[in-house]
Protein chains: 2
Amino acid sequence: MKQKITIKTIAKELGVSTSTVSKALRDSHEISSETKDKIQAYANLYNYKPNNLALQLRNQKTKVIGVILPKIVHHFFSTVIMGIEEGANKKGYNIMVCFSNESYKKEVETLKVLSNGSVDGLIVSIASETLENKDFKHFIDLVAEEIPLVLFDRVVDEILCDKVVVDDVGAGYKATKHLIENGRKKIALITTPNHVNVGALRRQGYEKALIEAYIKTDKNLIVEVDEKKDIKSQIEKVFKEDIDAVFAVNEIYAANSMRIAKEKGLSIPNEISIIGFTDGLISEYSSPSITTIAQHGFTMGMQAVELLIERIENETEIYRPKKIVISSDLKIRESTKPSS
Amino acid sequence: MKQKITIKTIAKELGVSTSTVSKALRDSHEISSETKDKIQAYANLYNYKPNNLALQLRNQKTKVIGVILPKIVHHFFSTVIMGIEEGANKKGYNIMVCFSNESYKKEVETLKVLSNGSVDGLIVSIASETLENKDFKHFIDLVAEEIPLVLFDRVVDEILCDKVVVDDVGAGYKATKHLIENGRKKIALITTPNHVNVGALRRQGYEKALIEAYIKTDKNLIVEVDEKKDIKSQIEKVFKEDIDAVFAVNEIYAANSMRIAKEKGLSIPNEISIIGFTDGLISEYSSPSITTIAQHGFTMGMQAVELLIERIENETEIYRPKKIVISSDLKIRESTKPSS
DNA sequence: AAAAGTCACGAAATCGGTTTCGTGTTAACA
DNA sequence: TGTTAACACGAAACCGATTTCGTGACTTTT
């Protein structure tokens with residue numbers, strides 16, 4: 001990189017002190033207008049721009065927000081990023097995005113790097129491996145250091161900080177109830193292993209809806225997908241049971257279910273109804289299009305970043321963690337309809 | 001944020017100088033092992049971590065790579081990010097991701113902020129508005145400042161820097177030729193306006209394949225989609241023409257085409273074949289699944305970041321811009337087959 | 001004419017580290 | 001015993017900015 005022009009260069013060139021240059025560039029009243037003009041002209045000519053690092057060090061703030069996500073090639077998370085970015089930008093912040101790739105180790109490392117002064121605060125959705133381990137020390141340390149932290153979507157009670165979540169229980173309930181109201185009684189649930197708590201919560205909603213309708217939950221109708229293995233073959237098993245509907249806790253599971261149903265020659269939504277989660281492009285463009293629970297990722301990101309910036313900029317306040325619950329809603333499309 | 005522990009704190013507490021602390025922590029031979037032990041123990045106890053900003057300022061390097069993308073909710077771009085992130089991480093770099101949202105103004109601003117010392121280099125895919133304006137001054141200035149820059153996917157000749165692109169002409173050619181070989185002759189092209197150069201290049205490939213097959217290109221079969229208006233209705237028009245195949249330059253256009261074809265009762269792939277671009281989830285999960293050109297976004301990201309880091313770390317070399325062309329390949333699925 | 005005030009600028013501290021160069025003490029050598 | 005080398009540490013410069021405080025030269029007031 002070319003040697004960038006600094007205040008010192010300007011000072012030397014023009015035979016003044018660095019303080020004079022700094023003041024002149026910030027249009028201080030202490031400097032005579034001739035000197036100001038001279039300095040500003042020189043700065044413009046050589047396209048002087050103050051060094052961010054120096055400013056950040058001096059001001060003890062970076063105006064950068066760190067974001068750690070488990071993955072990115074996923075409609076929900078990319079939507080959240082958009083929300084975060086837009087919210088951050090509005091307040092003059094930039095975002096630094098990293099990925100844990102669902103790995104505990106990478107999450108710990110990334111957290112460590114970012115929390116060493118590179119960012120003013122962090123927005124994180126926890127890696128699945130961490131949820132499985134139940135080892136949250138790295139987050140707890142962060143909170144102890146009083147670095148502003150907002151968790152979203154995948155959160156745990158052990159970490160005392162601000163949180164933004166969707167009403168997963170309610171969403172699972174809504175989805176299941178919709179199927180029940182459509183006359184479905186044998187509803188399969190395609191979910192994640194229980195340690196991914198959003199999956200567990202959605203399952204609670206599913207069970208609640210079934211209980212209310214006096215339907216016994218049947219463990220054989222529940223599939224906990226292990227993403228390390230082939231997804232489709234795991235889901236396929238449940239199709240051997242007698243089912244008339246599928247509730248999948250994400251888009252991919254829903255799309256796979258639909259594909260299997262088609263292969264088996266089942267007509268959708270007549271013989272089998274399918275409902276998904278995350279209102280992404282797959283749900284929208286598949287045919288039939290898939291009824292889903294819209295998670296409002298953009299809103300989540302926006303709320304998370306607003307909460308965080310609030311914390312960053314008003315640190316005097318006594319700290320009382322907030323939890324924002326975003327209600328999700330049902331987007332009815334072609335893959336569900338009342339059974340005739 | 002809590003007052004973080006610094007070298008100065010440790011020095012004062014232990015009654016030594018800051019230089020001694022610094023050396024002790026870096027395990028310098030200049031310091032006696034007793035002193036080292038004492039200092040290191042203290043540092044561990046209070047969980048001392050050196051401040052990144054200070055180090056970055058001192059070392060004149062940030063180990064951060066800036067990435068500016070036009071959008072993120074898009075399978076191709078999120079895949080590229082993954083590639084960049086993985087490549088960067090491998091070399092000890094972090095990435096700072098920003099979005100231009102296809103806006104010229106935002107691109108200029110973001111570029112300005114990031115290039116003021118916050119990053120060691122930049123990876124950018126140009127915003128469509130910028131491509132339309134043909135105003136690349138902000139990039140040219142960047143190159144003049146000798147800030148390492150790699151452009152990918154959407155690149156222009158006016159900017160002299162390293163580039164990573166897919167062989168768009170070749171890809172368009174391959175896709176079209178595949179349709180022709182399947183006996184299709186009336187092939188619609190759903191593309192972007194011409195200023196988005198990747199669209200223009202893919203079109204060239206399309207035209208080349210047609211010419212080779214002695215098929216006259218028919219302007220009525222070409223749709224230039226304006227994304228500010230409703231996409232579907234624009235594509236719908238071409239279905240009034242007599243066509244037996246569609247080549248769409250991205251996934252969304254392909255999915256829309258498929259939906260329209262279905263609504264019109266055309267059987268896919270018999271009556272009409274459809275081929276897309278970007279091998280994303282939509283293509284994979286729609287039914288029939290869509291034959292597409294795989295862009296290898298991950299590889300692109302990886303190559304781009306490797307090229308960039310090479311530049312950053314070997315700046316003595318004489319500068320001769322490199323252009324890496326990544327060959328794309330055809331992934332044949334259910335939406336195309338020979339006409340009978 | 002002496003005291004006070006204004007103007008325009010510079011010296012130096014600061015942010016949190018690293019590193020070069022001294023320097024006082026002790027041990028080893030001639 | 002005098003010279004030199006090794007050892008262990010500190011002072012100070014540096015990265016690139018900002019900001020407080022001080023100060024010399026002039027002007028104004030009494």
Whole-Å distance, Ile10(A) CD1 to dT18(D) P, equals 10 Å

Walking DNA chain D from its 5' end, the first of Ser33(B) and Asn51(A) to be reached, judged by nearest nucleotide, is Ser33(B)

The residue, Arg58(B) or His29(A), whose nearest nucleotide of DNA chain C is more 5′ is His29(A)

Among dC9(D), dG16(C), dG17(C), the one nearest any side-chain atom of Gln3(B) is dG16(C)

Atom CG of Asp27(B) and atom C1' of dA8(D) are separated, to the nearest Å, by 15 Å

When rounded to whole Å, the NZ to P distance for the pair Lys4(B) and dT14(C) reads 21 Å

Between CD of Glu34(A) and P of dC9(C) the distance, given in whole Å, is 8 Å

From CD1 of Ile31(B) across to P of dT19(C) the rounded distance in Å is 13 Å

Between Val21(A) and Lys8(A), the residue closer to the 5' end of DNA chain D by nearest nucleotide is Lys8(A)

Practice task
For Thr20(B) and Ser17(B), test the side chains for any donor-to-acceptor distance below 3.5 angstrom and give the result as yes or no.
Solution key: yes

In whole angstroms, the gap separating P of dG16(D) from NZ of Lys49(A) amounts to 15 Å

Salt bridge (Lys or Arg N to Asp or Glu O under 4.0 Å) pairs touching residues 76-91 of chain A, sequence neighbours excluded, are Glu85(A)-Lys106(B)

Exactly one of Ile324(B), Val155(B), Val325(B) clears side-chain contact (heavy atoms from CB on, under 4.5 Å) with Lys163(B), and that residue is Val155(B)

Checking dT18(D), dG10(D), dT18(C) against the side chain of Arg26(B) (C-beta onward), the nearest is dT18(C)

Taken to the nearest whole Å, CG/Leu57(B) to C1'/dT18(C) is 11 Å

**Prompt:** For the base of dC9(C), is there a side-chain donor-acceptor partner from Glu30(A) under 3.5 Å away?
**Reply:** yes

Picking from dA11(D), dA8(C), dT19(D), the nucleotide nearest the side-chain atoms of Lys23(A) would be dT19(D)

TODO: Could you tell me whether the side chain of Ser19(A) has a donor or acceptor atom within less than 3.5 Å of a complementary atom in the base of dA11(C)?
DONE: yes

| said: Tell me whether Asp162(B) is salt-bridged to Lys323(B), with the criterion being a basic N under 4.0 Å from an acidic carboxylate O. | reply: no

| message | When you compare the side chains of Glu107(B) and Thr130(B), does any donor N or O come within less than 3.5 Å of an acceptor on the partner? | response | yes

From CD of Gln56(A) across to C1' of dT14(C) the rounded distance in Å is 17 Å

From the candidates dG16(D), dG17(C), dT19(D), the one with an atom nearest any side-chain atom of Ala54(A) is dG16(D)

Thr6(B) has its side chain closest, among dA12(C), dG17(C), dT18(D), to dG17(C)

Thr20(A) (side chain) and dA8(C) (base): donor-acceptor pair under 3.5 Å:
no

Under 4.0 Å between a side-chain N/O of Ser22(A) and OP1 or OP2 of dT18(D), yes or no? yes

OP1 or OP2 of dG17(C) sitting under 4.0 Å from any side-chain N/O of Tyr48(B)?
yes

**Q.** Exercise: do Asp120(B) and Thr62(B) side chains pair donor with acceptor under 3.5 Å
**A.** yes

| request: Check whether any side-chain nitrogen or oxygen of Gln60(A) sits under 4.0 Å from OP1 or OP2 of dG16(C), and answer yes or no. | output: yes

Margin query: Tell me whether the side-chain N/O atoms of Thr35(B) come closer than 4.0 Å to OP1 or OP2 in dA8(D).
Written below: no

